[in-house]
Amino acid sequence: MAVEPSRPTTGDRTGSPIRLHLLGGFRLLHGDTPVVVPRGLQRVLALVALRPGATRSHLAGLLWPDTPEERALSSLRTALWRLRQDPCCPLSTNSDTVRLGSAVRIDVDALVGTAARVRDGDPCSTAALAAGRHDLLPGWYDDWVLAERERLRQLRLHMLEGLANRYLATGRHGEALEAALEAMAAEPLRETPHRLVVRIHLAEGNAFEAMHAFYVYRDLLRRELRLEPSTAMTALLHETLGPIRQASRDTVTRRPPAERAAGHTH
């Protein structure tokens with residue numbers, strides 16, 4: 001089988017940046033100018049971006065899973081040839097691998113980088129809240145897209161929850177709440193962000209807000225999944241509010257009998 005020589009294919013117009021957006025939909029920009037890419041070639045570029053340095057056989061197998069290998073490799077060669085006809089094509093190829101050119105900026109990489117910085121303790125809350133608000137390639141249902149979409153969704157949720165935990169531990173309750181609510185909006189049925197919201201309200205001394213947040217989640221869970229909150233979440237309220245309720249009961253029992261009786265008549 002003939003192979004193509006190693007060559008960069010990022011084109012001659014290198015003065016403007018090339019940006020590939022996969023979150024929220026496929027967009028390829030040369031500077032501020034959109035580059036029109038047919039849907040079939042979009043799949044090739046997107047997969048190369050998500051599998052940097054993948055072999056041609058691997059790419060062909062993912063792109064044409066129900067096609068014999070030789071035919072799939074032939075289809076890949078044709079797609080790569082078509083992409084190289086555009087001087088803005090952001091590909092670099094050699095005999096066995098395909099990758100995007102080093103000058104290409106990918107929004108998925110920005111999300112992964114932001115998550116890594118949050119994990120390492122860098123203060124980048126604004127970038128973290130904004131990163132990855134949109135799903136990867138919505139409306140695409142290839143198996144490799146679905147797997148990568150879920151990976152990035154989980155990455156973002158853990159990033160936001162980690163940020164909320166860190167702010168809560170340092171007493172920055174407003175920022176903690178913002179991160180927890182962002183995670184909650186991304187996955188309303190996930191318990192962790194709801195539990196964080198309860199913990200944040202309790203840390204601020206807002207018992208009513210904590211109880212309200214708990215019961216809102218409990219009702220949502222019952223309605224959508226016919227489930228109850230975990231014992232860990234339920235314990236948050238019992239451990240914190242138990243002493244308060246006991247103190248209230250003790251106050252009532254210490255009141256004179258006549259006063260207690262009068263209170264029951266109202």
Checklist line | Straight-line distance of Thr192 OG1 to Glu161 CD, nearest 0.5 Å | finding: 4.5 Å
Notebook entry, point to check: So Ile18 and Leu29, side-chain contact (heavy atoms from CB on, under 4.5 Å) or not? Walk me through it.
Noted result: CA-CA 6 Å; Ile18 298 175; Leu29 300 176; over 6 Å; no
Item checked: From CG (Leu137) to CD (Glu148), nearest 0.5 Å -> 9.5 Å
Notebook entry, point to check: side chain to side chain donor-acceptor pair (under 3.5 Å) with Tyr167: which residues, sequence neighbours excluded?
Noted result: Ser125
Next item on the list: Indicate the atoms forming the closest heavy-atom contact of Gly25 with Pro138, along with that distance.
Entry: N-CD, 3.5 Å
Notebook entry, point to check: Any side-chain heavy atom of Val112 within less than 4.5 Å of one from Leu152?
Noted result: yes
Item checked: Hydrophobic cluster membership, Ile200 vs Leu163, 4.5 Å side-chain cutoff -> no
Item checked: Nearest atoms (heavy-atom pairs only) where Arg56 meets Asn94 -> NH2-O, 2.8 Å
Margin query: Between Trp64 and Leu73, does the side-chain contact (heavy atoms from CB on, under 4.5 Å) criterion hold? Intermediate values first, please.
Written below: CA-CA 9 Å; Trp64 295 279; Leu73 286 169; over 6 Å; no
Note to self: Working to the nearest 0.5 angstrom, can you tell me the gap between Leu181 CG and Leu196 CG?
What the structure shows: 10.0 Å
Next item on the list: Say whether, by atom type as modelled, one donor and one acceptor occur between the side chain of Asp122 and the main chain of Val118 under 3.5 angstrom.
Entry: no
Check: Does atom CG of Asp32 have more than 12 heavy-atom neighbours from other groups under 6.0 Å away?
Finding: no
Margin query: Nearest 0.5 angstrom please: Glu209 CD to Leu177 CG, how far?
Written below: 9.0 Å
Next item on the list: Identify the two heavy atoms, one from Thr234 and one from Pro229, that lie closest to each other, and give their separation to 0.1 Å.
Entry: OG1-O, 4.0 Å
Notebook entry, point to check: Got Val198 and His212 here, is their nearest side-chain heavy-atom distance under 4.5 Å?
Noted result: no
Item checked: Of all pairs that satisfy side-chain hydrogen bond (donor to acceptor under 3.5 Å, both in side chains), the ones with a partner from residues 127-141, not counting sequence neighbours -> Arg133-Glu182
Next item on the list: Report yes if some heavy atom in the side chain of Leu50 is under 4.5 Å from a heavy atom in the side chain of Ile106; otherwise report no.
Entry: no
Check: Hey, does Arg82 have a side-chain heavy atom less than 4.5 Å from the side chain of Leu41?
Finding: yes
Next item on the list: Sequence neighbours left out, what passes salt bridge (Lys or Arg N to Asp or Glu O under 4.0 Å) with Arg149? Give chain and number order.
Entry: none
Notebook entry, point to check: Do Met184 and Met211 belong together in a cluster built from hydrophobic side chains that touch within less than 4.5 Å?
Noted result: no
Note to self: Counting C-beta onward and ignoring hydrogens, is there a side-chain heavy-atom pair between Leu45 and Leu100 closer than 4.5 Å?
What the structure shows: yes
Next item on the list: Indicate, with yes or no, if Val145 and Phe26 share a hydrophobic cluster defined by side-chain heavy-atom contacts under 4.5 Å among Ile, Leu, Val, Met, Phe, Trp and Tyr.
Entry: yes
Next item on the list: For Thr97 and Thr93, indicate whether the former's side chain and the latter's backbone hold a donor-acceptor pair under 3.5 Å.
Entry: no
Next item on the list: Taking the side chain as every heavy atom from C-beta outward, state whether Leu221 and His194 have any pair of such atoms under 4.5 Å apart.
Entry: no
Check: Does Arg195 have any side chain to side chain contact (heavy atoms under 4.5 Å, CB included) partners at least two apart in sequence or in another chain, and if so, which?
Finding: Glu191, Ser230, Ala232, Met233, Leu236
Checklist line | Partners passing ring pair (Phe, Tyr, Trp, His ring centres under 6.0 Å) against Phe214 (at least two apart in sequence or in another chain) | finding: none
Note to self: When you compare the side chain of Met159 with that of Leu155, does any pair of heavy atoms fall below 4.5 Å?
What the structure shows: no
Next item on the list: Report the residues that fulfil side chain to side chain donor-acceptor pair (under 3.5 Å) with Arg218, sequence neighbours left out, ordered by chain and then residue number.
Entry: none
Check: Which residues satisfy the side chain to side chain contact (heavy atoms under 4.5 Å, CB included) test with Ala54, sequence neighbours excluded?
Finding: Arg51, His58, Leu59
Notebook entry, point to check: What are the two closest non-hydrogen atoms of Tyr217 and Leu189, and how far apart are they?
Noted result: OH-O, 3.2 Å
Next item on the list: Might you point out which heavy atoms bring Ser57 and Glu69 nearest each other, and give the distance in Å?
Entry: OG-OE2, 3.6 Å
Checklist line | By side chain to side chain contact (heavy atoms under 4.5 Å, CB included) - contacts of Pro52 (at least two apart) | finding: Arg99
Next item on the list: Calculate, to the nearest 0.5 Å, the distance between atoms NE2 and CG belonging to His30 and Leu28 respectively.
Entry: 9.0 Å
Item checked: Cluster link Leu202 to Val197, ILVMFWY, side chain under 4.5 Å -> no
Note to self: Test your reading of the model: is there a side-chain donor-acceptor pair from Ser74 to the backbone of Glu70, 3.5 Å cut-off?
What the structure shows: no
Check: Are any side-chain N or O atoms of Asp107 and backbone N or O atoms of Leu22, one a donor and one an acceptor, separated by less than 3.5 Å?
Finding: yes
Item checked: Arg172 side chain vs Ala169 backbone, donor-acceptor pair below 3.5 Å -> no
Next item on the list: Please answer whether the main-chain N or O of Ala183 pairs with a side-chain N or O of Glu187 as donor and acceptor at a distance below 3.5 Å.
Entry: no
Margin query: Can a donor-acceptor pair be found, under 3.5 Å and without considering hydrogens, that links the side chain of Arg19 to the backbone of Gly31?
Written below: yes
Item checked: Pairs satisfying side-chain hydrogen bond (donor to acceptor under 3.5 Å, both in side chains), at least one member in residues 33-45, at least two apart -> Arg43-Asp142
Note to self: Going by side chain to side chain donor-acceptor pair (under 3.5 Å), name the residues that satisfy it together with Arg71, two or more places apart in sequence or in a different chain.
What the structure shows: none
Note to self: Going by the rule side chain to side chain donor-acceptor pair (under 3.5 Å), which residues pair with Glu150 if we only count those two or more places apart in sequence or in a different chain?
What the structure shows: Arg153, Gln154
Notebook entry, point to check: Given the rule in the side-chain contact (heavy atoms from CB on, under 4.5 Å) test, do Arg119 and His158 qualify, once you have shown the distances and angles that lead to the verdict?
Noted result: CA-CA 9 Å; Arg119 185 181 62 243; His158 283 90; over 6 Å; no
Next item on the list: Take atom CG of Asp120 as the centre, draw a 6.0 Å sphere, and report whether it contains more than 12 heavy atoms from other residues, nucleotides or ligands.
Entry: yes
Checklist line | Close side-chain approach of Arg199 and Leu168, heavy atoms under 4.5 Å | finding: yes
Item checked: Any residue meeting side chain to side chain contact (heavy atoms under 4.5 Å, CB included) with Ala185, in chain and number order, not counting sequence neighbours -> none
Note to self: I'd like to know if the side chain of Arg156 and the backbone of Leu129 have a donor-acceptor N/O pair within less than 3.5 Å.
What the structure shows: yes
Check: Closest approach of Thr67 and Ala72, non-hydrogen atoms and distance?
Finding: CG2-N, 3.8 Å
